[in-house]
> 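Okay, handing you the structure first.
None of the values given here were measured: they were computed from a predicted structure.
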Amino acid sequence: MARASARHILVDSEAKCNELKQAIENGADFAQVAKENSSCPSSRDGGALGTFGRGEMVREFDEVVFSAPIGVVQGPVKTQFGYHLVEVTERQD
């Protein structure tokens with residue numbers, strides 16, 4: 001079964017999500033941006049979600065995690081929780 005590890009940043013607007021993505025692309029540290037901005041409890045761990053299997057996360061999130069290149073920040077990804085920036089840190093297909 002496919003497994004992946006990822007980290008994310010959850011915010012309530014697409015504009016904020018794009019702003020944070022730009023900051024990361026310009027060299028800001030993903031984990032630090034997560035700690036300072038993400039509304040998810042994972043923010044205290046730099047946005048790290050640990051390892052999970054296909055289907056364990058909401059569909060929109062799952063699709064990105066199991067298709068995106070490793071180490072490339074994806075987003076904004078809209079789910080019922082808000083807007084995410086997602087970085088796949090590891091994946092075993």
> Determine, using the 4.5 Å side-chain heavy-atom cutoff (strictly less than), whether Phe52 and Ile70 are members of one ILVMFWY cluster.
yes

> Specify the closest pair of heavy atoms between Leu85 and Phe30, including all atoms of both residues, with the distance to one decimal.
O-CZ, 4.0 Å

> Sequence neighbours excluded, which residues qualify as side-chain contact (heavy atoms from CB on, under 4.5 Å) partners of Gln80?
Val58

> Please report the interatomic distance CG(Leu20) to CD1(Ile9), rounded to the nearest 0.5 Å.
6.0 Å

> Taking side-chain contact (heavy atoms from CB on, under 4.5 Å) as the test, write out the residues that go with Glu63, two or more places apart.
Arg59

> Once side-chain contact (heavy atoms from CB on, under 4.5 Å) is applied, do any residues pair with Asp45, and if so which ones, sequence neighbours excluded?
Ala48

> Looking only at heavy atoms, which two atoms of Gly47 and Ala34 are closest? And how far apart?
N-CB, 3.8 Å

> Please report the closest heavy-atom contact between Val64 and Val88, naming both atoms and the distance.
O-CG2, 4.4 Å

> Cluster question for you: counting only ILVMFWY and a side-chain heavy-atom cut-off of under 4.5 Å, with indirect links fine, are Ile24 and Val11 together?
yes

> Kindly state each residue pair satisfying side chain to side chain donor-acceptor pair (under 3.5 Å) with at least one member in residues 3-12, sequence neighbours excluded.
Arg3-Glu56, Ser5-Thr51, Arg7-Glu87, His8-Ser42, His8-His84

> Is Ser38 reaching over with its side chain to a backbone N or O of Lys35, donor-acceptor style, under 3.5 angstrom?
no

> Any salt bridge (charged side-chain N to carboxylate O under 4.0 Å, His left out) pairs touching residues 13-25, not counting sequence neighbours?
Lys16-Glu19

> With sequence neighbours left out, what residues match Ala2 under side-chain contact (heavy atoms from CB on, under 4.5 Å)?
Arg54, Phe66, Asp93

> Could you report the tightest heavy-atom contact between Ser13 and Tyr83, atom names first, then the distance?
C-CD1, 3.5 Å

> Could you tell me which non-hydrogen atom of Ala6 sits nearest to which non-hydrogen atom of Thr89, and how far apart they are?
N-OG1, 3.7 Å

> How close do Gly55 and Asp62 get, heavy atom to heavy atom, and via which atoms?
N-OD2, 2.8 Å

> Determine, using the 4.5 Å side-chain heavy-atom cutoff (strictly less than), whether Phe81 and Val86 are members of one ILVMFWY cluster.
yes

